[in-house]
**Student:** 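The structure's right below; bear with me while I get my questions together.
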2 protein chains.
Amino acid sequence: MRIGELSERTGASRRLLRYYEEQGLIESDRRPNGYREYGDAIVDRVLQVRGLLDAGLPTRVIKQILPCLETRVIHVADATPETIATLEGELDRMTERIRCLTRNRDAVAAYLDAVRRARR
Amino acid sequence: MRIGELSERTGASRRLLRYYEEQGLIESDRRPNGYREYGDAIVDRVLQVRGLLDAGLPTRVIKQILPCLETRVIHVADATPETIATLEGELDRMTERIRCLTRNRDAVAAYLDAVRRARR
DNA sequence: CTTGACCCTCACACCTGTGTGATCGTTGAA
DNA sequence: TTCAACGATCACACAGGTGTGAGGGTCAAG
């Protein structure tokens, strides 16, 4: 598919899709035109990138995390000690984010429940 | 305590603490000097604000969420329908963030496990 | 009284993700 | 052939969170 369709399917503007590619988060083939060509699998990847961006991770970190998703043993080989250390750090930060979000979400939910009960 | 101590205790620069106040996320009393004066409770509040910012929430949203944390029945009263609708929307977005983060964190964890096992 | 460590306000600047528009090439249908 | 719709690159602009520094008060210790 071309960039327009991918944009519609993911909700990301064409501009952003090009930006993600520039940041090394997604890839594309090129037609003889120069037009970008995407496979179906890219849709999930884009959605994942957008989810992580929305969750506060910078592109630099997302770029490091993405290879972990492809469960290929190949990638396990080229893991330098620094990469591993970085990933461990990010793992902790993600866990902390989850904890923070969960705590606050539960509080909001409890609040809304209280409001609803008070309404009656 | 004054702003310097609060800064040390929270890891937020003085600049940021003033910014958070300007955005209505925290409050402070003023000494006759004009110096800001904080109570102990503010430390947790600042940490919470920073956690939510780090998790991708903008100050505008954080400002709406914060009152939910103070479990005072008083606040339940002044909840306009729009506020409630907004909170419900944010609740969903937070849940979605949590889901995304959890999925990716687990993937990273699995990857690191695989690497560690491969190392031996 | 002076000095150093705080505090204040204000303004400018940066980075990152994103929008917008200019200018131009490609393609398919009328 | 022409026109509309799409694609490409590039550049400028913006907003939000953050850093930095200027210019100036406050206050306690020497």
Side-chain angles (χ1 to χ4, degrees), chain A residues 1-39 42-43 45-66 90 93 96-97 100-101 104, chain B residues 1-39 42 45-66 86 90 93 96-97 100-101 104:
Chain A
M1 92 194 75
R2 283 171 302 172
I3 200 170
E5 187 181 344
L6 182 57
S7 172
E8 272 176 21
R9 286 223 249 162
T10 59
S13 68
R14 291 147 224 251
R15 168 76 172 84
L16 277 185
L17 293 172
R18 298 193 188 104
Y19 175 71
Y20 297 156
E21 180 175 330
E22 185 188 316
Q23 300 300 309
L25 305 182
I26 60 177
E27 291 177 17
S28 66
D29 291 335
R30 291 300 181 115
R31 293 190 180 171
N33 309 352
Y35 286 17
R36 289 175 177 79
E37 179 67 28
Y38 302 97
I42 200 80
V43 176
R45 154 86 49 137
V46 171
L47 292 176
Q48 187 187 13
V49 165
R50 289 182 70 72
L52 289 172
L53 277 174
D54 183 63
L57 277 70
T59 54
R60 174 181 43 81
V61 170
I62 296 175
K63 192 176 171 182
Q64 280 198 306
I65 285 178
L66 283 177
E90 290 304 328
R93 302 193 65 207
E96 186 47 41
R97 276 195 186 90
C100 179
L101 278 173
N104 283 279
Chain B
M1 90 193 79
R2 281 171 304 170
I3 200 171
E5 186 182 343
L6 182 58
S7 172
E8 272 176 22
R9 286 223 248 164
T10 58
S13 68
R14 291 146 225 252
R15 168 76 171 82
L16 277 187
L17 293 172
R18 297 192 190 105
Y19 175 70
Y20 297 157
E21 180 175 329
E22 186 188 315
Q23 300 301 309
L25 306 183
I26 59 176
E27 292 177 16
S28 66
D29 290 336
R30 291 300 180 115
R31 293 188 180 174
N33 310 353
Y35 286 17
R36 288 176 177 79
E37 178 67 28
Y38 301 98
I42 200 81
R45 153 86 48 139
V46 170
L47 292 176
Q48 187 187 13
V49 165
R50 288 181 71 71
L52 290 172
L53 277 172
D54 183 63
L57 278 71
T59 53
R60 175 181 42 81
V61 171
I62 297 176
K63 192 175 171 182
Q64 280 197 305
I65 285 179
L66 282 177
T86 308
E90 291 304 328
R93 303 195 63 209
E96 186 47 40
R97 277 195 185 90
C100 177
L101 278 173
N104 284 279

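Order of the sequence lines fixes the chain letters, A, B, ..., with proteins taken first and strands second; residue numbering starts at 1 for each chain.
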**Student:** Between Ser28(B) (side chain) and Glu37(B) (backbone), is there a donor-acceptor pair under 3.5 Å?
**Tutor:**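 Absent.
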
**Student:** Taking the side chain of Arg14(A) as heavy atoms from C-beta outward, which of dC6(D), dA11(D), dG17(C) is closest to it?
**Tutor:**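 Side chain of Arg14(A) sits closest to dC6(D).
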
**Student:** What is the distance from CZ of Arg31(A) to C1' of dG28(C), rounded to the nearest Å?
**Tutor:** 13 Å

**Student:** In this structure, how many angstroms lie between the P atom of dC7(C) and the CG atom of Asp29(B), rounded?
**Tutor:**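 Interatomic distance, CG of Asp29(B) to P of dC7(C): 16 Å.
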
**Student:** Choosing from dG19(D), dC8(C), dG7(D), which nucleotide comes nearest the side chain of Arg30(B)?
**Tutor:** dC8(C)

**Student:** Counting side-chain heavy atoms from C-beta on, which of dT9(C), dC6(D), dT18(D) comes nearest to Tyr20(B)?
**Tutor:** dT18(D)

**Student:** So with a 6.0 Å cut-off around CD of Glu5(A), is the heavy-atom count from everything else above 12?
**Tutor:** yes

**Student:** Expressed in angstrom and rounded to an integer, what is the separation of Leu17(A) atom CG from dG7(D) atom P?
**Tutor:**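 So the CG-P distance, Leu17(A) to dG7(D), works out to 10 Å.
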
**Student:** Tell me: CD1 of Ile3(B) to P of dA5(C), nearest whole Å?
**Tutor:**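 Whole-Å distance recorded here is 19 Å.
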
**Student:** Using only side-chain N and O atoms of Ser13(A), determine if any of them is under 4.0 Å from OP1 or OP2 of dT18(C).
**Tutor:**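 Negative; the distance criterion is not met.
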
**Student:** Expressed in angstrom and rounded to an integer, what is the separation of Glu21(A) atom CD from dG17(C) atom P?
**Tutor:**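 Nearest whole value for this atom pair: 16 Å.
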
**Student:** Any side-chain to backbone donor/acceptor pair from Arg97(A) onto Asp54(B)? Under 3.5 Å, distance only.
**Tutor:** yes

**Student:** Are Asn33(B) and dC27(D) close enough that a side-chain N or O sits under 4.0 Å from OP1 or OP2?
**Tutor:** yes

**Student:** Round to a whole Å and report the spacing from CG of Leu16(A) to C1' of dG19(C).
**Tutor:** 9 Å

**Student:** To the side chain of Arg18(A), which of dC8(C), dT9(D), dG19(C) is closest?
**Tutor:**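 Ranking dC8(C), dT9(D), dG19(C) by closest atom to the Arg18(A) side chain puts dT9(D) first.
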
**Student:** It should be established whether Thr59(B) places a side-chain nitrogen or oxygen under 4.0 Å from OP1 or OP2 of nucleotide dG17(D).
**Tutor:**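 Thr59(B) to dG17(D) OP1/OP2: side-chain N or O found under 4.0 Å.
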
**Student:** Does a sphere of radius 6.0 Å around CZ in Arg31(B) hold more than 12 heavy atoms from other residues, nucleotides or ligands, not counting ones at 6.0 Å or beyond?
**Tutor:** yes

**Student:** So if I take every side-chain heavy atom of Arg15(B) and compare against dT9(C), dG19(D), dA8(D), which nucleotide ends up nearest?
**Tutor:** dG19(D)

**Student:** Given the rule in the side chain to side chain contact (heavy atoms under 4.5 Å, CB included) test, do Val43(A) and Met1(A) qualify, once you have shown the distances and angles that lead to the verdict?
**Tutor:** CA-CA 10 Å; Val43(A) 176; Met1(A) 92 194 75; 4.0 Å; yes

**Student:** Of the listed nucleotides (dG19(D), dC8(C), dT16(C)), which one gets closest to any side-chain atom of Tyr19(A)?
**Tutor:** dT16(C)

**Student:** By nearest nucleotide on DNA chain D, pick out whichever of Tyr35(B) and Gly4(A) is the more 5' one.
**Tutor:**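 With Tyr35(B) and Gly4(A) compared, the 5'-side residue is Gly4(A).
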
**Student:** Looking at every strand, decide which applies to Arg2(B) at a 4.0 Å heavy-atom threshold: base, sugar-phosphate, or nothing.
**Tutor:**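 Sugar-phosphate, backbone atoms only, no base.
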
**Student:** Rounding to a whole Å, what distance do you find between Glu5(A):CD and dG7(D):C1'?
**Tutor:** 14 Å

**Student:** Rounded to the Å, how far apart are Leu52(B) CG and dG16(D) C1'?
**Tutor:**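 Result: 16 Å.
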
